[in-house]
**Student:** 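So that we are looking at the same thing, I have put the structure below in structure tokens.
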Amino acid sequence: MKLVFLGPPGAGKGTLAVRAVETLKAPHISTGNIFREAIAAMSPLGVKVKGIIDSGGLVDDDTTIALVRERLERGDAAAGYILDGFPRTIPQADALAGFSTLDRVVNFDIPDAGVLERLSGRRVCRKCGRNWHATFNPPPADGVCDKCGGEAYVRDDDRPQAVQKRLDVYRAQTEPLIGYYRAQGLLVDIDARPGVDEILSAFKAALGL
Ligand code: AMP
């Protein structure tokens, strides 16, 4: 099944994707994770995008589209995938339509207050990308990931100024995709406010899994 996860930063797209891959047996492709890996590796792509990402802006469409097109050409994505964080603009969605079909677009619906609460407490493993929340699901006390030994840290773009910019960017550039995909009959709305188990059940029911 070829899926896009759409929704504001902090809606829980990545957390659900990690759980949903067990059911779907398809890769979780997060453009944000790919960019963060490039930054950690200090590759030419990482050097190019670091400042943009830290400030909460969007990487340019051409760079992002080329990256996703290349990733989808890999064999593991032939039968299905979860695209998390792409497309984020109408030109990206138009480009995606040119190189892949989609089965569904899952829209994670959450008010700004919920987003701010989640992002302000988010902790992420620097190595494997695993997420925690300082209050609701705290990382190990020593700050070391129990899965891979990486460091639990606060993303630079989860700091208050960048969060507000990411939300503004989402409303201006990404939210129009809701209408875009609804008009194509692809959109499935999911209430993203509850915990991940409840969201996973709603997700499976909505997709008939
Ligand atoms: P995420 O982990 O999805 O919140 O993405 C983190 C950051 O990576 C975003 O704030 C953007 O700077 C960049 N990014 C991720 N996906 C895209 C995309 N589809 N288009 C442009 N920039 C992106």
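Computed from a predicted structure; not experimentally measured. Counting starts at 1 for both ligands and their atoms, following the listed order.
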**Student:** Going by atom types alone, do Y180 and D94 pair a side-chain donor with an acceptor below 3.5 Å?
**Tutor:** yes
**Student:** Give the ring-plane orientation class for F108 versus F5, where under 30° counts as parallel, over 60° as perpendicular and anything between as tilted.
**Tutor:** tilted
**Student:** Between E37 and N33, is any side-chain donor less than 3.5 angstrom from a side-chain acceptor?
**Tutor:** no
**Student:** Tell me the side-chain hydrogen bond (donor to acceptor under 3.5 Å, both in side chains) pairs involving residues 184-196, sequence neighbours left out?
**Tutor:** N107-D189, R182-D189, D191-R193
**Student:** Could you list all the side-chain hydrogen bond (donor to acceptor under 3.5 Å, both in side chains) pairs where at least one residue sits in residues 58-67, not counting sequence neighbours?
**Tutor:** K48-T63, D60-T63, D61-T89, D61-Q92
**Student:** Listing by chain and number, which residues have a heavy atom under 4.0 Å from ligand 1?
**Tutor:** T31, G32, F35, R36, I53, G57, L58, V59, T64, G85, F86, R88, Q92, R155, D157, R166
**Student:** Sequence neighbours left out, what pairs pass side-chain hydrogen bond (donor to acceptor under 3.5 Å, both in side chains) with at least one residue falling in residues 75-87?
**Tutor:** H28-D84, R71-D76, Y81-S100
